[in-house]
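Each chain gets a letter, A, B and so on, in the order the sequences are listed, and its residues count up from 1.
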Protein chains: 2
Amino acid sequence: MPMQKGFDVDFDPETLNYDAQGLIPAIAQDATTGEVLMMAWMNAEAVTETLRTGRVTYWSRSRRKLWRKGETSGHVQELVDFRVDCDRDCLLLRVRQTGPACHTNRRSCFYTAIRDGAEVEIMEPMA
Amino acid sequence: MPMQKGFDVDFDPETLNYDAQGLIPAIAQDATTGEVLMMAWMNAEAVTETLRTGRVTYWSRSRRKLWRKGETSGHVQELVDFRVDCDRDCLLLRVRQTGPACHTNRRSCFYTAIRDGAEVEIMEPMA
């Protein structure tokens with residue numbers, strides 16, 4: 001069941017360990033299938049926003065602003081569970097993904113495998 | 001089936017996108033269960049070493065040297081599949097994990113969940 005909106009506003013994002021740019025990597029995983037969908041970055045504001053709204057929000061390093069995943073594409077990530085690793089410097093987001101997670105229209109960004117020294121595409125773009 | 005040792009030595013690690021420190025994040029996922037075990041970092045040498053040997057090798061940022069996962073603990077990661085994301089700046093390693101992946105003796109480093117604004121440990125250390 002998706003996390004109740006506004007449920008986790010009491011969590012203090014400053015207890016996480018950010019890098020020199022104030023960012024922490026966040027892995028998005030399909031909560032149902034276990035498929036790893038993508039990795040992106042969050043700052044403290046994105047963490048708070050994600051927990052407050054129940055919709056995953058990253059920090060776009062290229063656009064230098066909050067990136068509400070799916071805001072324009074509709075390919076939103078509904079937060080199901082929010083996990084922190086032992087060093088508190090990486091996040092694991094269990095999500096319900098609408099449509100493709102990847103901007104190439106594939107379900108996951110990890111659609112390339114290295115096999116026999118060559119790159120193989122193991123996933124088609126979604127219809 | 002684990003990747004045949006020495007199979008992928010032809011892959012050029014310089015085709016990946018590393019950060020300013022020459023590192024790329026690598027997510028380790030249990031190839032059987034889909035569980036996300038940990039996230040660590042690789043440099044080009046660690047990538048080559050991992051593909052060459054079929055044993056996952058990271059770059060230890062604290063010790064500033066190659067970190068052959070499980071070298072002292074025996075908790076090795078056997079490489080099953082090596083994947084690259086769309087931006088070529090993140091790796092997904094499908095592995096066969098021996099024992100716990102986490103230094104706290106838990107199967108996964110992501111044993112803490114944020115629920116109702118509080119932190120909950122959702123995984124016990126392995127016996």
Side-chain angles (χ1 to χ4, degrees), chain A residues 3-4 6-13 15-16 19-21 25-30 33-41 47 50-51 61-62 79 81-94 101-104 106 108-120 122-123, chain B residues 3-4 6-13 15-16 19-21 25-30 33-41 47 50-51 61-62 79 81-94 101-104 106 108-120 122-123:
Chain A
M3 187 174 279
Q4 186 183 322
F7 226 43
D8 278 8
V9 290
D10 289 341
F11 176 71
D12 181 3
T15 63
L16 300 173
D19 68 11
Q21 284 74 48
I27 303 160
Q29 180 182 32
D30 187 300
T33 65
E35 185 176 22
V36 174
L37 300 170
M38 59 183 285
M39 198 281 276
W41 298 81
V47 169
T50 296
L51 289 172
R61 295 180 300 172
S62 54
L79 185 64
D81 205 18
F82 187 101
R83 298 186 189 164
V84 180
D85 81 343
C86 50
D87 294 331
R88 304 181 75 82
D89 64 1
C90 187
L91 303 174
L92 176 62
L93 314 169
R94 306 261 304 172
C102 185
H103 74 287
T104 67
R106 290 173 177 84
S108 163
C109 294
F110 296 96
Y111 57 83
T112 305
I114 312 297
R115 293 177 186 169
D116 305 358
E119 303 196 11
V120 186
I122 57 172
M123 209 176 299
Chain B
M3 185 175 278
Q4 186 182 324
F7 225 41
D8 278 7
V9 290
D10 290 341
F11 176 72
D12 181 2
T15 63
L16 299 173
D19 69 11
Q21 284 74 48
I27 301 160
Q29 181 182 32
D30 187 299
T33 65
E35 185 175 22
V36 174
L37 300 170
M38 58 182 285
M39 197 281 276
W41 298 82
V47 169
T50 296
L51 289 171
R61 294 180 300 172
S62 53
L79 185 65
D81 204 20
F82 186 101
R83 298 188 189 163
V84 180
D85 82 343
C86 50
D87 294 330
R88 304 181 75 80
D89 63 1
C90 187
L91 303 173
L92 176 63
L93 314 169
R94 307 260 304 172
C102 184
H103 73 289
T104 67
R106 290 173 178 85
S108 163
C109 294
F110 296 96
Y111 57 83
T112 306
I114 312 296
R115 293 177 185 168
D116 306 358
E119 304 195 12
V120 186
I122 57 172
M123 209 176 298

Which is it for B/R83 and A/M123 under the side chain to side chain contact (heavy atoms under 4.5 Å, CB included) test, yes or no, and what are the steps along the way? CA-CA 12 Å; B/R83 298 188 189 163; A/M123 209 176 299; 5.5 Å; no
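With a 4.5 Å cut-off on side-chain heavy atoms, A/F110 and B/I27 count as touching. Looking only at side-chain heavy atoms (C-beta outward), A/D87 and B/H103 come within less than 4.5 Å of each other. The shortest side-chain heavy-atom distance between B/M39 and A/M39 does not fall under the 4.5 Å cut-off. Counting heavy atoms from C-beta outward, A/P25 and B/P25 have side chains that stay 4.5 Å or more apart.
Both the backbone and the side chain of A/L92 come within contact range of chain B, judged by heavy atoms closer than 4.5 Å. Proximity to chain B is limited to the side chain of A/C102, based on heavy atoms less than 4.5 angstrom apart. With a threshold of 4.5 angstrom between heavy atoms, A/L91 approaches chain B through N, CA, C or O but not through any side-chain atom. For A/D30, no part sits under 4.5 Å from any heavy atom of chain B, backbone or side chain.
The existence of a salt bridge linking B/D89 and A/R61 is confirmed by a sub-4.0 Å separation between a basic side-chain nitrogen and an acidic carboxylate oxygen. Looking at A/E119 and B/R88, a side-chain N of the basic residue comes within less than 4.0 Å of a carboxylate O on the acidic one, giving a salt bridge.
The distance from atom CD1 of A/I122 to atom CG of B/D81, rounded to the nearest 0.5 Å, is 6.0 Å. The CD1 atom of B/I114 sits 12.5 Å away from atom OG1 of A/T50, with the distance rounded to the nearest 0.5 Å.
Considering only heavy-atom pairs separated by less than 4.5 Å from chain A, the leading option among B/D85, B/T33, B/T15 is B/D85.
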